A.B. asks: 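Let me begin by handing over the structure; questions about it come next.
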There are 2 protein chains.
Amino acid sequence: MGQRIASTATALSNDCAHCNLGKLCMPIAVSSEELEQLNDVIQQGRVFDRGDHIFYQDDAFTSCFAVKSGSIKTYTVSEDGEEQVTGFYLPGEILALDSVSMDRYTSCAVALERSSVCEIPLEKLEQLASVIPSLQHHFFQLMSQEIRGSRELAVMLSRNSAEERLASMFVALSKRNERRHLSPYQFRLPMARADLGNYLGLAVETVSRLLTRFAKQGLMDVRGREVTIHDLEGLKAVVTHQTECRHA
Amino acid sequence: MGQRIASTATALSNDCAHCNLGKLCMPIAVSSEELEQLNDVIQQGRVFDRGDHIFYQDDAFTSCFAVKSGSIKTYTVSEDGEEQVTGFYLPGEILALDSVSMDRYTSCAVALERSSVCEIPLEKLEQLASVIPSLQHHFFQLMSQEIRGSRELAVMLSRNSAEERLASMFVALSKRNERRHLSPYQFRLPMARADLGNYLGLAVETVSRLLTRFAKQGLMDVRGREVTIHDLEGLKAVVTHQTECRHA
DNA sequence: CGGGGTTTTGAAGGGGGTCAACCATGGTGG
DNA sequence: CCACCATGGTTGACCCCCTTCAAAACCCCG
């Protein structure tokens with residue numbers, strides 16, 4: 001590992017070595033020379049305001065994106081204009097891996113709050129990955145994880161009740177915050193209830209009703225966008241215990 | 001039992017260049033020298049009988065597998081013993097891409113009929129992919145497609161009615177048969193109704209009821225395992241037209 | 001303070017799950 | 001060759017979870 005403390009390093013840390021995320025998105029052991037090459041490929045930290053789009057569905061595909069700060073929502077628009085939320089991305093996570101095999105983006109990506117995003121041009125990345133085996137390996141891993149994640153989501157959406165889906169979502173959000181060394185018990189909800197419902201295949205009303213139920217059960221609490229999880233284990237129990245709860 | 005491609009001289013084609021699938025699973029332009037290297041990596045055509053397992057959940061992960069003939073079902077087993085079907089794989093398709101980032105397989109894989117399967121040791125493949133850029137590129141594409149496929153599945157399972165899910169499944173099966181240059185209108189259903197239902201998040205009874213409904217509507221027909229699609233466009237219409245059908 | 005979007009709450013109705021029974025099919029052994 | 005049984009598939013009745021429709025409450029910012 002190289003030295004992390006450099007006198008010239010600023011809050012604007014304009015390369016992967018000094019990214020405040022540590023190596024969350026690129027946790028690979030690369031030499032400093034290789035890291036330099038990676039920096040030539042990755043364009044650091046473009047900023048998007050709330051509501052700004054990183055890319056639109058059917059735009060020509062060129063790059064994947066890593067979230068540096070803030071949060072991003074991806075969604076598709078069907079021919080009848082219906083919006084379908086396909087994912088939420090937090091710092092350290094990578095967007096558009098599902099578009100790699102297409103020449104156009106398969107979804108829109110919009111900032112849910114002021115966010116900073118690094119661009120990873122795929123062509124250059126592939127060239128570099130041929131030269132740095134560990135980088136190739138890492139991208140295989142990343143994509144494989146993405147496959148597993150989507151597959152687990154599919155299973156959850158097909159088998160679990162509304163209650164289980166929502167609990168599972170908050171458990172996942174909690175876990176993702178912990179990964180970033182933030183509190184798994186208290187965090188800001190980046191998306192609206194409607195987005196949550198849309199993503200989970202539930203009506204907004206159902207989401208709302210369940211959140212009040214969770215609150216009454218002492219599991220968690222959402223005031224506006226401020227989430228407080230009182231009983232993480234209890235939430236996890238809701239996810240797995242298929243419909244065993246009595247609603248007295 | 002009456003499989004078309006079966007018993008004749010397929011055992012002789014012991015390399016990718018002469019595989020009767022053409023380049024369905026490895027549609028890359030590689031030189032003959034490179035193809036030879038690929039053959040050194042890929043172990044051709046091990047045969048599994050109906051019910052045989054290619055791998056089990058939690059086995060040490062070493063390889064992905066390409067289906068050469070037959071059909072494979074993947075499924076997970078939860079701690080309470082429930083089986084969850086996660087995928088069906090036909091000739092030219094690749095299994096276990098979701099386990100690449102794990103040291104153990106995340107699901108079981110079992111042959112639904114007598115099947116032949118090529119083994120692709122991942123470590124060797126990664127080494128080769130570093131040397132052959134088009135191979136690396138192809139695997140990125142493959143995995144990206146897998147991500148997109150799972151994500152589409154998730155959306156379908158979360159938003160579509162039972163009718164739409166099942167219609168969508170048969171449209172997909174039809175497409176996959178067409179890809180293999182087989183009839184998109186007439187094929188053998190490799191899996192049981194229960195597997196279909198489990199995969200789609202439906203009760204067996206629902207699958208059965210819908211199939212008889214589709215038959216009454218003149219859309220398609222399933223006698224035992226023999227599928228005949230009478231009105232492919234009609235089926236596609238069922239998938240997209242969210243709940244517009246009148247059930248007279 | 002007022003307006004629009006978001007969230008919550010209530011009532012009603014349907015899609016699909018569950019339970020239960022019946023039927024079809026094919027493999028097996030006498 | 002057929003009786004037998006096991007597995008898989010079909011059909012019916014009932015009921016509950018979740019969606020839909022409707023409206024009130026809330027909240028954030030101008």
Side-chain angles (χ1 to χ4, degrees), chain A residues 49-51 73 82-83 85 112-113 156-167 169 188-216 220-227 238 241-248, chain B residues 1-2 49-51 73 82-85 112-114 156-169 188-216 220-227 238 241-247:
Chain A
D49 275 323
R50 178 174 202 269
K73 172 182 86 173
E82 280 305 294
E83 184 175 307
V85 176
L112 291 172
E113 59 193 308
M156 201 197 56
L157 293 176
S158 79
R159 292 197 85 70
N160 291 16
S161 67
E163 189 177 36
E164 289 159 353
R165 294 184 211 181
L166 194 63
M169 183 73 203
R188 197 178 151 71
L189 194 65
M191 72 292 284
R193 310 280 194 282
D195 288 331
L196 267 182
N198 187 312
Y199 179 66
L200 293 172
L202 304 174
V204 200
E205 295 92 326
T206 306
V207 172
S208 183
R209 271 184 262 268
L210 287 174
L211 286 181
T212 58
R213 188 196 291 178
F214 286 164
K216 278 178 190 166
M220 55 173 294
D221 220 282
V222 190
R223 298 205 169 170
R225 294 290 180 88
E226 286 306 319
V227 179
V238 170
H241 289 43
Q242 330 262 32
T243 66
E244 68 122 49
C245 358
R246 294 273 154 273
H247 316 306
Chain B
M1 299 312 188
D49 276 322
R50 177 174 203 271
K73 172 181 85 171
E82 280 305 294
E83 185 174 308
Q84 172 62 52
V85 177
L112 291 172
E113 59 193 308
R114 191 175 174 81
M156 201 196 58
L157 293 176
S158 80
R159 292 198 87 69
N160 291 16
S161 67
E163 189 178 36
E164 289 159 352
R165 293 184 210 182
L166 194 64
S168 152
M169 184 75 204
R188 197 178 151 71
L189 192 66
M191 72 291 283
R193 309 280 195 279
D195 288 332
L196 267 182
N198 186 312
Y199 178 66
L200 295 172
L202 304 174
V204 200
E205 296 92 325
T206 306
V207 172
S208 185
R209 270 183 264 269
L210 288 174
L211 287 181
T212 58
R213 188 196 292 177
F214 287 163
K216 277 177 190 166
M220 55 173 295
D221 221 283
V222 190
R223 298 206 169 167
R225 294 290 180 90
E226 287 305 321
V227 179
V238 170
H241 290 42
Q242 328 263 33
T243 66
E244 69 121 48
C245 357
R246 297 269 155 277
H247 316 307

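Below, chain A is the first sequence line, B the second, and so on; all start at residue 1. Just the heavy atoms: all of them, side chains too, but no hydrogens, waters or symmetry mates, feed the values below. Small disclaimer: the values here were computed from a predicted structure and weren't measured.
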A.B. asks: Only distances under 3.5 Å count here; give the side-chain donor-acceptor pairs of residues 192-199 of chain A to other protein atoms, sequence neighbours excluded, each with its distance to 0.1 Å.
C.D. replies:
unit_1	atom_1	unit_2	atom_2	d
Arg193(A)	NH1	Gly224(A)	O	3.2
Arg193(A)	NH2	Gly224(A)	O	3.1
Asp195(A)	OD1	Lys73(A)	NZ	3.1
Asn198(A)	OD1	Gln84(A)	NE2	3.2
Asn198(A)	OD1	Val85(A)	N	2.9
Asn198(A)	ND2	Glu83(A)	O	2.9

A.B. asks: To the nearest 10 degrees, what angle separates the axes at the start and end of the helix from dC1(C)-dG30(D) to dG30(C)-dC1(D), five pairs each?
C.D. replies: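 End axes: 40° apart.
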A.B. asks: In whole Å, I'd like the distance from the CD atom of Glu226(A) to the P atom of dC27(D).
C.D. replies: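 In whole Å, dC27(D) P lies 14 Å from Glu226(A) CD.
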A.B. asks: Are OP1 or OP2 of dG9(D) and a side-chain N or O of Arg225(B) less than 4.0 angstrom apart?
C.D. replies: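 Arg225(B) to dG9(D) OP1/OP2: side-chain N or O found under 4.0 Å.
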A.B. asks: Tell me: CG of Leu200(A) to C1' of dC18(D), nearest whole Å?
C.D. replies: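 Distance, rounded to whole Å: 14 Å.
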A.B. asks: Please round to the nearest 0.5 Å and tell me the distance separating atom CZ of Arg225(A) and atom CG of Leu112(A).
C.D. replies: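 Reported to 0.5 Å precision, the distance equals 8.0 Å.
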A.B. asks: Please determine, for the side chain of Ala162(A), which listed nucleotide (dT19(D), dC18(D), dG9(D)) has the closest atom?
C.D. replies: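 Within the option list, the nearest is dC18(D).
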A.B. asks: Could you tell me which residues satisfy side chain to side chain donor-acceptor pair (under 3.5 Å) with Arg209(A), sequence neighbours excluded, listed by chain and number?
C.D. replies: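 So Arg209(A) forms no side chain to side chain donor-acceptor pair (under 3.5 Å) with any residue.
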A.B. asks: Write out a two-atom table: protein N or O, nucleotide N or O from nucleotides 8-14 of chain C, distance below 3.5 Å.
C.D. replies:
unit_1	atom_1	unit_2	atom_2	d
dT8(C)	OP2	Arg193(A)	NE	3.2
dT8(C)	OP2	Ser208(A)	OG	2.8
dT8(C)	O5'	Ser208(A)	OG	2.9
dG10(C)	N7	Arg209(A)	NH1	3.0

A.B. asks: I need the Leu211(B) CG to Met220(B) CE distance, nearest 0.5 Å.
C.D. replies: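 One finds 5.5 Å between CG of Leu211(B) and CE of Met220(B).
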A.B. asks: Glu113(A): which residues meet the salt bridge (Lys or Arg N to Asp or Glu O under 4.0 Å) condition with it, sequence neighbours left out?
C.D. replies: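 If we apply the salt bridge (Lys or Arg N to Asp or Glu O under 4.0 Å) test to Glu113(A), skipping adjacent residues, there are no hits.
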A.B. asks: Name every donor-acceptor pair, under 3.5 Å, that has one atom in a side chain of residues 200-208 of chain B and the other anywhere in the protein, sequence neighbours excluded.
C.D. replies:
none

A.B. asks: Both Gly201(A) and Ala194(B) contact DNA chain D. Taking the nearest nucleotide for each, which residue is further toward the 5' end?
C.D. replies: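 Nearer the 5' end of the strand: Ala194(B).
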A.B. asks: Atom CG of Asn198(A) and atom P of dT20(D): how far apart are they, to the nearest Å?
C.D. replies: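 Rounded to whole Å, this separation is 12 Å.
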A.B. asks: Once you round it to whole Å, what is the distance between P of dG9(D) and CE of Met191(B)?
C.D. replies: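 Spelled out: CE on Met191(B) to P on dG9(D) is 12 Å.
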A.B. asks: Provide, to the nearest angstrom, the distance between the CD atom belonging to Glu164(A) and the C1' atom belonging to dG17(C).
C.D. replies: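 To the nearest whole Å, that distance equals 14 Å.
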A.B. asks: Could you give the CZ-to-P distance, from Arg159(B) to dC18(D), as a whole number of Å?
C.D. replies: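 Roughly 16 Å, once rounded to whole Å.
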A.B. asks: Using whole Å, what does the distance between atom P of nucleotide dC29(D) and atom CZ of Arg50(A) come to?
C.D. replies: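 So the CZ-P distance, Arg50(A) to dC29(D), works out to 9 Å.
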A.B. asks: Tell me what Ala203(B) touches on the nucleic acid: a base, only sugar-phosphate, or nothing, going by heavy atoms under 4.0 Å.
C.D. replies: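 Result for Ala203(B) = base.
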A.B. asks: How close or far is atom P of dC26(D) from atom CZ of Arg223(A), stated in whole angstroms?
C.D. replies: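 Atom-to-atom, Arg223(A) to dC26(D), this comes out as 14 Å.
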A.B. asks: How close do Ser158(B) and Leu157(A) get, counting heavy atoms only, and between which atoms?
C.D. replies: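 That would be CB-CD1, 3.5 Å.
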A.B. asks: CZ of Arg50(B): more than 12 outside heavy atoms within 6.0 angstrom?
C.D. replies: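 No, CZ of Arg50(B) has 12 or fewer neighbouring heavy atoms, counting only those of other groups under 6.0 Å.
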A.B. asks: What distance do Met156(A) atom CE and Ser161(A) atom OG have between them, rounded to the nearest 0.5 Å?
C.D. replies: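 Those atoms lie 10.0 Å apart.
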